[in-house]
Amino acid sequence: MIRKNNVNPVPVKDIFNKFSIEEINIKGKRVFIRADFNVPLDDNLRITDDRRIRSTLPTINYAIDEGAKVILSSHLGRPKGKADPRLSLAPIAKRLQRLLNKEVIFSPDCISSQVEGLVSKMKEGDVLLLENLRYQPGEENNDEEFARALARLADVFVNDAFGTSHREHASIVGVPKFLPSAAGFLLKKEIQYLRGLVENPVRPFVAILGGAKVSGKINVLENLVDKVDKVIIGGGIAYTFIKAMGYEVGNSLVEEDMLETAQRIRRKLKGVGIKFYLPVDCVIAQSIEPAAETKIIPTLEIPKGWRALDIGPASVKLFSEALHDAKTVLWNGPMGVFEIDAFSRGTFAIAHAVADAYALTIVGGGDTDFAVHRAGVSDAISFISTGGGASLQLLEGKELPGLAVLANREDLIRRTPVDSTL
Ligand code: AMP
């Protein structure tokens, strides 16, 4: 396994120079940090994976060290505007306490006179965690009054919730309208890697896309047309491309309404000399079940009634060889139904191939992140994004609402009364 921790991201103009947390004097200030602590919990409400909490620690520790009064906030799950004890942030307060090795005060609400009381008693370096923001309907509705109430708790807003920055929610786009605002370290790092990838990748640049939804990946391909050198398509989305070329794919996943688009994109990429790889063989079964009978067959010979659920060994070899000269690799989307062992080999083999590539390797969030961890190669990946939807949106070349609002910070400062020491 090649360690690539010394591989730097592509240098890009640091858009955060003016509005990074380091540019604001936060000593003694009440700093409202919007984090993404949306972690998985088991039936006993135990956190099964705390990476999202850990990834915000640099920002939290920095704020503590600078002597800020640190107010943390996040959503968890989808309580739909009502209190749901199963989606309380209380277990997160406990985990944070262990990770920070200091007391974390837990506020049983995010706006109330009780919260205001707790905040007013905070001293420099104290940490307070607010209850689930989505217990309040105003969060997802981006209600101005709710945003104003959150803003009243603090002097400064810091966004470190990359995974939620594509959402126009009150704590992402509303609160920064009322406070001087800045980006935390995680948000900066995400943008630096992902923007670097779409703006100025070191070439050859190979993009590997998989997963289930063609529609979610097409815009990424469109945006990368003049940046990428090779495109590898695996996972369920491959069969829409293959069917669009006029071949039978049995019962494999196909997005009928994307057939024309898939064919157009493939032609467009090939037309400008980009190498386009599809699976040459696949693992098929008649149903998506752990005990289903499986066969490995050439992709163009999928029989009626069978469906392709993983790439086969010849595809793994072909795709891995395509990575040999890569200097930049982006991987988003599993190569098969990797949640089931019988269809997981292709995804794990590609995880190893990406980890072994001597390149800047960037893995999109969500399932691919999980696959890389399950394969045990996460340490050998240059950067693993913490946001699925948000990272795709950036790779599509779209602005994230949570970022756009920070970019207007100077304007915001003019519109809101700000302490001159900030
Ligand atoms: P996405 O969110 O689009 O990245 O899709 C991830 C999902 O794609 C995973 O849950 C996989 O089980 C699924 N997937 C990957 N390959 C296939 C396939 N060949 N057929 C059906 N589903 C697939």
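Within the model, atoms CD1 of I350 and CD1 of I232 stand 6.5 Å from one another, a figure rounded to the nearest 0.5 Å. Expressed to the nearest 0.5 Å, how far CZ of R307 lies from CD of Q286 amounts to 10.0 Å. Considering CG of L221 and CZ of R266, their distance stands at 12.5 Å, rounded to 0.5 Å. Here CD1 of I237 is found 10.0 Å from CG of L253. Values are rounded to the nearest 0.5 Å. Here OG1 of T299 is found 8.0 Å from CG of L278. Values are rounded to the nearest 0.5 Å. Within the model, atoms CG of L87 and CG of L41 stand 7.5 Å from one another, a figure rounded to the nearest 0.5 Å.
Side-chain contact of D36 with T164: a donor-acceptor pair under 3.5 Å is present, judged by distance alone.
Side-chain contact between I284 and L309 is absent, with no heavy atoms from C-beta onward closer than 4.5 Å. Taking 4.5 Å as the limit, some side-chain heavy atom of S20 sits within range of a side-chain heavy atom of K188. With contacts defined as side-chain heavy-atom distances shorter than 4.5 Å, the pair I208/V329 qualifies. The closest side-chain heavy-atom distance from K177 to F157 is not below 4.5 Å. Contact annotation: the side chain of T261 never approaches that of E255 to less than 4.5 Å [non-hydrogen atoms, C-beta and beyond]. Side-chain contact between Q136 and I111: present, with at least one pair of heavy atoms (C-beta onward) separated by less than 4.5 Å. In this structure, I92 and S74 have side chains that are not in contact, with every pair of non-hydrogen atoms separated by 4.5 Å or more. Side-chain contact between T59 and L187 is absent, with no heavy-atom pair separated by less than 4.5 Å.
Note on E139 versus K82: no salt bridge recorded, every NZ/NE/NH1/NH2 to OD/OE distance being 4.0 Å or above. Between K80 and E140, none of the side-chain N atoms (NZ, or NE/NH1/NH2) sits under 4.0 Å from a carboxylate O, so this pair counts as no salt bridge.
For the residue pair R167 and I172, the shortest heavy atom distance occurs at O-CG2, 3.5 Å. A pairwise comparison of heavy atoms in I384 and V372 identifies CD1-CG1, 3.9 Å as the closest pair. Nearest heavy-atom pair, A349 versus V316, reported as atom, atom and distance to 0.1 Å: CB-CG1, 3.5 Å. Between K121 and D126, the closest heavy-atom pair is O-OD2, 4.4 Å. Summarising the geometry of N142 relative to H169, their closest heavy-atom pair is OD1-C, 3.9 Å, with the distance given to 0.1 Å. Taking every heavy atom of both residues into account, I233 and F319 meet most closely at O-CZ, 3.7 Å.
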Exercise. Could you please spell out the steps behind the side chain to side chain contact (heavy atoms under 4.5 Å, CB included) verdict for E66 and K27?
Key: CA-CA 5 Å; E66 289 291 302; K27 186 170 167 48; 5.6 Å; no

Exercise. Output, in order, the C-alpha distance, side-chain angles, deciding distance and verdict of salt bridge (charged side-chain N to carboxylate O under 4.0 Å, His left out) for E222 and K268.
Key: CA-CA 9 Å; E222 295 257 25; K268 185 169 169 185; 3.0 Å; yes

Exercise. Starting from the C-alpha separation in whole Å, work towards a yes-or-no answer on side-chain hydrogen bond (donor to acceptor under 3.5 Å, both in side chains) for D369 and H373.
Key: CA-CA 6 Å; D369 171 5; H373 280 88; 2.9 Å; yes

Practice problem: Starting from the C-alpha separation in whole Å, work towards a yes-or-no answer on side chain to side chain contact (heavy atoms under 4.5 Å, CB included) for F32 and S73. | Solution: CA-CA 7 Å; F32 183 103; S73 67; 3.2 Å; yes

Quiz prompt | Evaluation steps, side chain to side chain contact (heavy atoms under 4.5 Å, CB included), between L224 and I274 | solution = CA-CA 10 Å; L224 294 181; I274 294 167; over 6 Å; no

Practice problem: Applying side-chain hydrogen bond (donor to acceptor under 3.5 Å, both in side chains), run through E131 and S88 and close with a yes or a no. | Solution: CA-CA 7 Å; E131 182 53 288; S88 168; 2.8 Å; yes

Exercise. Would you check, one step at a time, whether the test side-chain hydrogen bond (donor to acceptor under 3.5 Å, both in side chains) holds for S107 with Q114?
Key: CA-CA 8 Å; S107 161; Q114 194 187 353; over 6 Å; no

Quiz item: Hey, mind stepping through E260 and R264 against salt bridge (charged side-chain N to carboxylate O under 4.0 Å, His left out) and telling me if it holds?
Solution: CA-CA 6 Å; E260 257 176 50; R264 180 180 58 76; over 6 Å; no

Self-check item: Trace of the side chain to side chain contact (heavy atoms under 4.5 Å, CB included) decision for F348 with R374
Solution: CA-CA 8 Å; F348 292 136; R374 281 242 343 247; 3.7 Å; yes

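Residue-environment remark: CZ (R51) exceeds the threshold of 12 foreign heavy atoms within 6.0 Å. Counting non-hydrogen atoms of neighbouring residues, nucleotides and ligands closer than 6.0 angstrom, the CZ atom of F383 exceeds 12 such neighbours. Annotation for R345: atom CZ does not count as buried by contact number, only 12 or fewer foreign heavy atoms lying within 6.0 Å. Other residues, nucleotides and ligands place more than 12 heavy atoms under 6.0 Å from the NZ atom of K227. When the shell of 6.0 Å around CZ of R267 is examined, it contains 12 or fewer heavy atoms from other residues, nucleotides or ligands. For N44, the CG atom sits in a packed shell: over 12 heavy atoms of surrounding residues, nucleotides or ligands are nearer than 6.0 Å.
The closest donor-acceptor contact from the side chain of R34 to the backbone of S171 lies at 3.5 Å or more, if one exists at all. At least one donor-acceptor pair closer than 3.5 Å links the side chain of S252 to the backbone N or O of A308. Under the 3.5 Å distance criterion, the side-chain polar atoms of T368 are matched with a main-chain donor or acceptor of G333. A donor-acceptor distance shorter than 3.5 angstrom exists from the side chain of S181 to the backbone of L179, with no hydrogens or angles considered. Using modelled atom types, one side-chain atom of D310 and one backbone atom of G346 make a donor-acceptor pair closer than 3.5 Å. Under the 3.5 Å distance criterion, the side-chain polar atoms of N38 are left unmatched by any main-chain donor or acceptor of L76. Judged by distance alone, the side chain of S382 and the main-chain N or O of T361 form a donor-acceptor pair under 3.5 Å. N141 places no side-chain N or O within donor-acceptor distance of the main-chain N or O of D143, the cut-off being under 3.5 Å. Listed for the T386 side chain is no donor-acceptor partner under 3.5 Å among the backbone atoms of R52. The main-chain N or O of E339 is never found under 3.5 Å from a side-chain atom of S344 such that the two would form a donor-acceptor pair.
In this pair, F276 and F241 present their aromatic rings tilted. The plane angle is within the 30 to 60° band.
For F343 and F338, the distance between ring centers is not under 6.0 angstrom.
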